[in-house]
Amino acid sequence: MNLIETINLKKIYSLGETEVHALDNVSIKIKPGEFVAIMGPSGSGKSTFMNVIGCLDEPTSGHYLLDGIDVSKMERDALAQIRNKKIGFVFQGFNLLSRTSALENVEVPMLYNNTSPKERSEKARQALKSLGLEGREHHHPNQLSGGQQQRVAIARALVNDAPLLLADEPTGNLDTKTSVEIMELFVRLNEENRITIVLVTHEKDIAAFSKRTIKFLDGKVVSDERSLR
Ligand SMILES: Nc1ncnc2c1ncn2[C@@H]1O[C@H](COP(=O)(O)OP(=O)(O)OP(=O)(O)O)[C@@H](O)[C@H]1O
Ligand SMILES: [Mg+2]
């Protein structure tokens, strides 16, 4: 069984007279427990692909099966529910709420399901602790380093026990040392917690932490290789 299966995905943006084929017949299968890096030059369709598999955007045509369910034509509300349950997102710019503590940021995804306030705070505390952020619960994002902010974002992504973590250039704003720390954290989440990870990066050194690298060019998959790590 695949966690992610895309079949002939196309995404076409129409800008006046011209059409941009951001995704051009992309068929990819990813099994539970995989750790995949997506690479390719700027404009090759990486973020478009992540947005579609993250249920943030709909393909123009083709199918997307998430955990065996065809979500390509699903209603907005149903899609939001599936997204909340199955997918955690991490972005280059951390995307934390700036006037809100680390703890409250991690609580956000639990506001949309039936978690009690007490349980919310306990789970958020535990998630922060497991990422080495004990003692930082009440810090606001601007009182945390870049690496700490990204770890808060990862805690937020995983607090609902999502089996799938999608990360679009998660180390793009971090220095080399901090990038390596974040990647080691991803490796741990993948190996110990069996979280499936799909991550976009421009850097070979970052992709080297994954077990499979898929390269995009002009909206198409041009290579798909497994590595030992
Ligand atoms: N909302 C949009 N409207 C029109 N064209 C778009 C839109 N979003 C993306 N595109 C185009 O689709 C193509 C793929 O964009 P995408 O953002 O997926 O690239 P990327 O591989 O993530 O690039 P980068 O490495 O710079 O982040 C590009 O040519 C881009 O200009
Ligand atoms: Mg991008």
Side-chain angles (χ1 to χ4, degrees), residues 3-30 34-66 71-74 76 79-80 83 87-96 146-147 149-150 153-154 156-157 162 164-176 178-180 182-183 185-186 196-227:
L3 181 58
I4 290 171
E5 179 171 6
T6 71
I7 305 160
N8 298 331
L9 273 192
K10 284 189 196 239
K11 182 75 186 181
I12 300 169
Y13 291 110
S14 301
L15 295 170
E17 301 278 280
T18 56
E19 280 189 343
V20 177
H21 291 245
L23 294 177
D24 194 359
N25 272 318
V26 173
S27 299
I28 288 175
K29 292 177 182 172
I30 297 173
E34 284 204 70
F35 188 163
V36 180
I38 307 281
M39 298 191 77
S42 179
S44 57
K46 304 179 299 294
S47 293
T48 306
F49 176 72
M50 296 295 274
N51 290 341
V52 172
I53 64 171
C55 303
L56 295 170
D57 199 1
E58 276 185 14
T60 308
S61 66
H63 289 278
Y64 171 34
L65 281 72
L66 173 60
V71 295
S72 2
K73 294 283 171 288
M74 211 174 240
R76 227 166 233 278
L79 205 53
R83 191 167 59 223
I87 308 172
F89 295 94
V90 176
F91 302 95
Q92 177 171 2
F94 320 133
N95 293 22
L96 298 173
Q149 289 182 60
Q150 195 58 300
I154 295 167
R156 179 179 62 184
L164 173 61
L165 185 68
L166 300 179
D168 197 345
E169 303 201 44
T171 61
N173 284 359
L174 302 174
D175 61 53
T176 308
T178 312
S179 297
V180 168
I182 292 292
M183 292 313 297
L185 176 59
F186 281 145
T196 308
I197 300 177
V198 183
L199 159 154
V200 172
T201 182
H202 278 110
E203 294 172 64
K204 267 200 164 132
D205 294 353
I206 295 295
F209 285 89
S210 76
K211 292 187 275 197
R212 176 180 172 191
T213 300
I214 299 174
K215 288 194 180 134
F216 278 68
L217 183 66
D218 296 336
K220 294 186 182 71
V221 172
V222 288
S223 76
D224 184 348
E225 288 173 355
R226 280 163 210 282
S227 61

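What's counted below: heavy atoms across the whole structure, side chains too, no hydrogens, waters or symmetry copies. None of these values were measured; they are calculated from a predicted model. Numbering of ligands and ligand atoms starts at 1, following listing order.
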Colleague: Does only the side chain of V20 get under 4.0 Å from ligand 1, or the backbone, or both, or neither? Count heavy atoms.
Modeller: side chain
Colleague: Between E34 and K29 (salt bridge meaning N to carboxylate O under 4.0 Å), is one present in this structure?
Modeller: no
Colleague: Kindly check if the number of other-residue, nucleotide or ligand heavy atoms within 6.0 Å of CG (D218) is above 12?
Modeller: no
Colleague: Take atom 14 (C) of ligand 1 and look for protein heavy atoms under 4.0 Å from it; say yes if you find one, no if not.
Modeller: yes
Colleague: When you measure from atom 17 (O) of ligand 1 to the protein, is at least one non-hydrogen atom found at a distance under 4.0 Å?
Modeller: yes
Colleague: Taking only heavy atoms of H202, which atoms of ligand 1 are found under 4.0 Å from at least one of them?
Modeller: 25 (O)
Colleague: May I ask you to identify the nearest protein heavy atom to atom 12 (O) of ligand 1, giving residue, atom name and distance to one decimal place in Å?
Modeller: A22 CB, 3.4 Å
Colleague: Would you indicate whether K215, at its atom NZ, is surrounded by more than 12 heavy atoms from other residues, nucleotides or ligands within a distance under 6.0 Å?
Modeller: no
Colleague: Please determine whether the number of non-hydrogen atoms from other residues, nucleotides or ligands lying under 6.0 Å from atom NE2 of H21 exceeds 12.
Modeller: yes
Colleague: Taking only non-hydrogen atoms of G45, do any sit less than 4.0 angstrom from ligand 1?
Modeller: yes
Colleague: Just to be sure I'm reading this right: ignoring hydrogens, which of P41, S47, G219 gets closest to atom 22 (O) of ligand 1? Compare them by their nearest heavy atoms.
Modeller: S47
Colleague: Counting backbone and side-chain atoms alike, does T48 have an N/O/S atom under 2.8 Å from the Mg ion (ligand 2)?
Modeller: no
Colleague: Provide the number and element of each atom of ligand 1 under 4.0 Å from a heavy atom of T48.
Modeller: 14 (C), 15 (O), 16 (P), 18 (O)
